[in-house]
Amino acid sequence: QKEAPQDWEAAFRQSEGRMVEGLQAGQEQASAAVKQQLASLSSELAHRDAFLQHGLRSHTEGLVDQLIKAELQAQLISHAQALDRSIRARGDELEKFIGSCLED
């Protein structure tokens, strides 16, 4: 009668040990799968980040070029208007001078 409870305990412990080993193996497999998925997602994120940064850099460079061109165009127009005013003023002075010479 004493052997039966000991056999039952040994069988239970053996069964419990196999369950623990199975759970550990399952946990290791799940952990490996999660690590693989994380590595894959990390790689995909890196590629997307690089793509977005390149696109943003290109777009920013294009905007900067447009701003520089607009600023240069504004400066050119301003200088042209100033030159036009100066030429008109000199023309007016020349007309007055010629008029005064003709009166004399």
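Members clustered with Leu56: none, using a 4.5 Å side-chain heavy-atom cutoff among hydrophobic residues. Clustering of Ile, Leu, Val, Met, Phe, Trp and Tyr by side-chain heavy atoms under 4.5 Å joins Phe97 with none of the others.
Taking the salt bridge (charged side-chain N to carboxylate O under 4.0 Å, His left out) definition, one finds that Arg13 meets it with Glu9, sequence neighbours left out. Residues that satisfy the salt bridge (charged side-chain N to carboxylate O under 4.0 Å, His left out) test with Arg57, not counting sequence neighbours, are absent from this structure. Not a single salt bridge (charged side-chain N to carboxylate O under 4.0 Å, His left out) links Asp65 to another residue, sequence neighbours left out. Under the rule for a salt bridge (charged side-chain N to carboxylate O under 4.0 Å, His left out), Arg85 has no partner lying at least two apart in sequence or in another chain. Considering only residues two or more places apart in sequence or on other chains, Ile98 meets the side-chain contact (heavy atoms from CB on, under 4.5 Å) condition with Leu94, Leu102.
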For residues 69-83, please give each side-chain donor-acceptor pair under 3.5 Å, one per line with the distance, not counting sequence neighbours.
residue : atom : partner : partner atom : Å
Glu71   : OE2  : Gln75   : NE2          : 3.0

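Within the structure, side chain to side chain donor-acceptor pair (under 3.5 Å) pairs that include any residue of residues 21-32 do not occur (at least two apart or interchain). The side chain to side chain donor-acceptor pair (under 3.5 Å) pairs that include a residue from residues 47-56 are Glu44-Arg48, Asp49-Gln53, where partners are two or more places apart or lie in different chains. Note on residues 12-38: pairs passing ring-ring contact (aromatic ring centres under 6.0 Å, His included), not counting sequence neighbours, are Trp8-Phe12. Judged as a salt bridge (charged side-chain N to carboxylate O under 4.0 Å, His left out), the pairs with a partner in residues 88-102 (not counting sequence neighbours) are, in order, Asp84-Arg88.
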